[in-house]
Amino acid sequence: MARATLDPDKLPKHFDSAEAERRWDAHWQQLGVYHYDPSRPRAETWVVDTPPPTTSGTLHIGHVFSYTQTDIVTRYQRMRGKSVYYPMGWDDNGVPTERRTQNLFHVRCNPELPRDPSLALEPANAKQKSNPPRVISRPDFIDLCARVTAEDEKAFLALWRRVGLSVDWRTEYATIDERSRRMAQLSFWDLFQKGHVYQSDAPFMWDVDFQMAVAQAEVEDKLRPGAYHDLEFAVEGGGAFTISTTRPELLGACVGVTAHPSDTRHQGLFGKRAITPLFRAPVPIFASEKADPEKGTGILMVCTFGDQADVEWWRDHKLALRQVLGKNGRMAPVTFGSEAFPSLDADAANRAYAEISGRNLKQARTRIVELLRDPAASATGNGAPLVREPQPIEHAVKFYEKGDSPLEFLPTRQWFVRLLDKKEALLAKGAEIQWHPEHMRKRYEDWTRNLAFDWCISRQRYFGVPIPVWYPLDAAGLPDYSRTIVADPNRLPIDPMTDAPVGYQESQRGQPNGFSGEADVFDTWFTSSLTPQIASRWRLEPERHARLFPADLRAQAHDIIRTWAFYTIAKALLHENSVPWRQIAISGWILDPDRKKMSKSIGNVVTPIEPIEKFGADAIRYWSGSARLGADTALDENVFKVGKRLVTKLFNASKFALAQSAEPGPISTELDRAFVGELRELVAHCSAAYEKLDYARALELTESFFWKRFTDTYLELAKARARCESDAAGRASAVTTLRLALSVLVRLFAPVLPYISEEIWSWAFADEIGRASVHAAAWPGAADFSGIAAPADAASFDAAVACFLAINKAKADANVSAGRETLRLALAAAPATRARLAPVMSDVLLAARCAEHTLAEDATLELGTIAIRDALFAERAVEA
RNA sequence: AGACACGUAGCUCAGUUGGUUAGAGCGCCGCCUUGACAUGGCGGAGGUCGGCGGUUCGAGCCCGCCCGUGUCUACCA
């Protein structure tokens, strides 16, 4: 035979997915199939902006789900001929890694310390852990964190390779590595030059456990039990009123009292001063529209600071600052009778305060409630200030998303990016971007509209990118924060705690008239909001940046629209007045069978490696590729099974189809041409779906065609002719069609099922088309169908199928197998159907094993219907 | 409390701009086995498309209200 044929006996009986996954991964890496080609112009490049997974902990099946969806559309673009830039980073920088490193090596970080070149630490044993932790410099601590995350990064990489992500692994980076640090610091430098960042020493959200500020995007409300405490205050010059508070422990921080101006109950009080119980502090009583007459007693105490409303009253009414809560969440030592803490009875106040000083908030609350039950604490002489038992309520309390204690508002010095004045511009950029699914855009818009704070970017942490600034010290050795020294962009990355600014010597650190370095690091989002720029080497390689920015596609989940998507859009806006990407694809979540989000904290995660071993990576990918973008999907192992069955069917059907051989020849029969016509239509529909990122639709179409139009029908109708000795032309046409169909179908499946596709491709097409990998082959299109004549009637394949299935059904009704010979067959069809069947009837009869038949005209039958008037099948199967 | 999404067969999900008796896979029941594949094939049962009302010649799809689920946002006196 002139045409190379496949000897099925030389192929394995079953598809060993684990073995194939190892073999093809090695092949792809060796060939560099997924390498980005920087010589190609922007228009021929597809840039995908991928989420760097957090490398503390493990990846679960939900990660595989969403990353695979991105891989599928990216593989499609590669086959369309694009030079693909598909990077992978590891988000190792952040609080969880820091904690693990502290525990593992039993160390603490002090950014003030210089690097110790002789430091060589190993994980600490139990005995070492009984000693105080070793204190090391920030650069040394960062090195240790990198060591800790390196292991996870290896495991993550292995999983992604196993799943078949077509990442260009030469692009691997970490959000703490030198390039990312340089990019984050360059970003800061640029924002500083443009006036988009500022420092503020004002009350802001503070986590007392982590002892750091947090941004609005990292805050979540949790419902917590609380209680209204009704406390009687005195009015200077006589009188009394009762306020309601859930924060009695902050009574010492009370700086004012307010009620709604129209509230008749409190009209006479405005302008007077109130006297607090217990501490006897005189505070102003003022009217405020923000006070809600319906809540509590309608009149309330303003403290520094119980909540955001307190901050606003404090600021708007220029109230005193009485900070009783320390950064560590304990009551700070304060003295009543001082200028800051006035009291009409300082001795009593200090005696009371001594009871709570140094205690945490919860202890202080318990104790102060006890004190308030004492009539001696009254400011009015009417008896105990606590006028009734606390009334339990449930209320929303702000928490840091990773924290266990409620957030407090504390005045601290923080760096901010100014965003509140740019809402319109941010919304405009969001409108330029194509969102998939479209309704996710609304999440972005709602968040942007509701933004209440500028972006707090400084964190009181160690394992992060240092903020590249210093402050000059005055003659007294105090920093002048208004004269910030920003690091030279050409020197980045730097660590201001170990590097000296230009114009200073290291010996001047901390000295009068010298300098001090900024000890804080950036919020991790400050770095990860630059993933498109990290890829394009913004400001470092302008030509490359022009080719890779903005990216084509951002892929991410919907829960981080307010963080990752939002901050990335903000950065691109502030740096270059650009969008960071043209499209964004939002993946859904994987839910457990109880429809709960799969998450480590709930403990319902499914690790991916077991299903991969059991069903094969392609089957897992099939599951990912079956789900639409943005749709939360319940985990259903059944879909893995269906995927595996498809892979097996592809394996068997391909083996069989490719084993048919013939002299080369054109596609000449009506059946073959009509079938090819349908195949061509399938390709058009799949391409259109992929262009809309609707990979699930493309898969559904391909799968259904493969099963219903190819294996169940075309293959059955054509296989007898493909082996027919007496019809050389017909045989050649069938074999050519089979090969074409397989070549096209395998390529349509390739983005979703890369392993089995490559396996089949390697049997027959790798050499022929001159591509060593199906993933570097051209997406099916016009070229595959050129020179193939159109069928006389596009519906003739459909007619043949209908006839064949009708005969098979008759066999099933007669309880005989489809392979049984048909001895007698009387058919009837409408005249048009009959005419349509004529050129394909020989194939139908061959497939049905029918030697003789009649086909009557019956105008009463509907078009396309084939009626079986009489049939007789062989008693038993014929001997081979 | 608002916003968004979802609610279709026992389960997981399709249903493209409203158009004949609403689909797939799994599961269930029955049948078929020398013909590439039992990881197969054929057939069957199973749905008042969450509810009510409206628009229309015609509604799973459009509009209104309600119920349920999920998510996001808001809510510390």
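When reading the values below, keep in mind they use all heavy atoms of this one structure, side chains included, and skip hydrogens, waters and symmetry mates. All chains are named by letter (A, B, ...) in the order of the sequence lines, taking the proteins before the strands, and each is independently numbered beginning at 1.
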In whole angstrom, give me the gap between the [atom1] atoms of [N] and [M].
| N | M | atom1 | value |
| --- | --- | --- | --- |
| B:C62 | B:G18 | P | 9 Å |
| B:C28 | B:A22 | P | 26 Å |
| B:G46 | B:G30 | C1' | 15 Å |
| B:A24 | B:G43 | P | 11 Å |
| B:C61 | B:U55 | P | 15 Å |
| B:G58 | B:G2 | P | 35 Å |
| B:G53 | B:C29 | C1' | 41 Å |
| B:U69 | B:C76 | P | 26 Å |

Heavy atoms only, 4.0 Å cut-off, all strands: where does [X] land among base, sugar-phosphate and nothing?
| X | result |
| --- | --- |
| A:Trp707 | sugar-phosphate |
| A:Glu408 | nothing |
| A:Lys295 | base |
| A:Leu715 | base |
| A:Asn652 | base |
| A:Ala291 | base |
| A:Lys708 | sugar-phosphate |
| A:Leu407 | base |
| A:Tyr228 | sugar-phosphate |

Any [X] side-chain nitrogen or oxygen under 4.0 Å from OP1 or OP2 of [N]:
| X | N | value |
| --- | --- | --- |
| A:Gln216 | B:A74 | yes |
| A:Lys398 | B:C75 | yes |
| A:Arg697 | B:C13 | no |
| A:Lys719 | B:A36 | yes |
| A:Arg723 | B:A36 | yes |

Quiz item: So how far is it from A:Leu646 CG to A:Leu753 CG, rounded to the nearest 0.5 Å?
Solution: 5.5 Å
Exercise. Quick one: pull up CG in A:Asp230 and CD in A:Gln391 and give me the separation to the nearest 0.5 Å.
Key: 7.0 Å
Exercise. Might you work through the ring-ring contact (aromatic ring centres under 6.0 Å, His included) test for A:Phe615 and A:Trp623, ending with a clear yes or no?
Key: CA-CA 11 Å; A:Phe615 301 100; A:Trp623 163 73; over 10 Å; no
Practice problem: Not counting sequence neighbours, which residues clear side-chain contact (heavy atoms from CB on, under 4.5 Å) with A:Gln434? List them please. | Solution: A:His436, A:Gln583
For residues [X] and [Y], determine if any side-chain heavy atom of one lies less than 4.5 Å from a side-chain heavy atom of the other.
| X | Y | result |
| --- | --- | --- |
| A:Asp263 | A:Ile299 | no |
| A:Asp316 | A:Phe286 | no |
| A:Ile620 | A:Phe640 | yes |

Practice problem: Could you tell me which residues satisfy ring-ring contact (aromatic ring centres under 6.0 Å, His included) with A:Phe399, sequence neighbours excluded, listed by chain and number? | Solution: none
Quiz item: Quick one: does A:Asp221 reach the base of B:C75 with a side-chain donor-acceptor pair under 3.5 Å?
Solution: yes
Quiz prompt | Check: B:C37 base within 3.5 Å donor-acceptor of A:Lys649 side chain | solution = yes
Provide, to the nearest angstrom, the distance between the [atom1] atom belonging to [X] and the [atom2] atom belonging to [N].
| X | N | atom1 | atom2 | answer |
| --- | --- | --- | --- | --- |
| A:Lys655 | B:G40 | NZ | P | 15 Å |
| A:Lys811 | B:G43 | NZ | P | 13 Å |
| A:Phe656 | B:G35 | CZ | P | 11 Å |
| A:Phe65 | B:C13 | CZ | C1' | 12 Å |
| A:Asp694 | B:A14 | CG | C1' | 11 Å |
| A:Ile590 | B:U71 | CD1 | P | 15 Å |
| A:Asn808 | B:C42 | CG | P | 8 Å |

Regarding [X] and [Y], does a basic nitrogen lie under 4.0 Å from an acidic carboxylate oxygen?
| X | Y | result |
| --- | --- | --- |
| A:Glu703 | A:Lys649 | no |
| A:Arg731 | A:Glu725 | yes |
| A:Asp207 | A:Lys398 | no |
| A:Glu445 | A:Arg443 | no |

Quiz prompt | Contact nearer the 5' end of RNA chain B, comparing A:Arg562 with A:Thr246 | solution = A:Arg562
Practice problem: Between A:Thr711 and A:Pro406, just flag the one whose closest nucleotide in RNA chain B comes earlier from the 5' side. | Solution: A:Thr711
Quiz item: Which heavy atom in A:Arg723 sits nearest to a heavy atom in A:Gln660, and how many Å separate them?
Solution: CG-OE1, 3.1 Å
Quiz item: What's the verdict on salt bridge (charged side-chain N to carboxylate O under 4.0 Å, His left out) for A:Arg365 and A:Glu249, showing C-alpha distance, side-chain angles and the deciding distance?
Solution: CA-CA 5 Å; A:Arg365 180 177 304 177; A:Glu249 71 277 13; 2.9 Å; yes
Using a cut-off of under 3.5 Å, enumerate the N/O to N/O pairs linking the protein to nucleotides 26-32 of chain B.
{"from": "B:C26", "atom 1": "OP1", "to": "A:Arg645", "atom 2": "NH1", "distance (Å)": "3.1"}
{"from": "B:C26", "atom 1": "O4'", "to": "A:Asn638", "atom 2": "ND2", "distance (Å)": "3.3"}
{"from": "B:C26", "atom 1": "O2'", "to": "A:Asn638", "atom 2": "OD1", "distance (Å)": "2.8"}
{"from": "B:C26", "atom 1": "O2'", "to": "A:Asn638", "atom 2": "ND2", "distance (Å)": "2.6"}
{"from": "B:C31", "atom 1": "O2'", "to": "A:Asn815", "atom 2": "OD1", "distance (Å)": "2.8"}
{"from": "B:C32", "atom 1": "O2'", "to": "A:Ser817", "atom 2": "N", "distance (Å)": "3.1"}

Quiz prompt | Given B:U71, B:A14, B:U12, the nucleotide with the shortest approach to the side chain of A:His558 | solution = B:U71
Self-check item: Interface residues of residues 611-623 of chain A with RNA chain B (non-hydrogen, below 4.0 angstrom)
Solution: none
Practice problem: Just grab all the side chain to side chain donor-acceptor pair (under 3.5 Å) pairs involving residues 688-697 of chain A, residues at least two apart or on different chains. | Solution: A:Gln69-A:Tyr695, A:Tyr76-A:Glu691
Exercise. Please map the stems of RNA chain B, keeping only stretches of three or more Watson-Crick or G-U wobble pairs with both distances under 3.5 angstrom.
Key: B:1-7 with B:67-73, B:10-13 with B:23-26, B:28-32 with B:40-44, B:50-54 with B:62-66
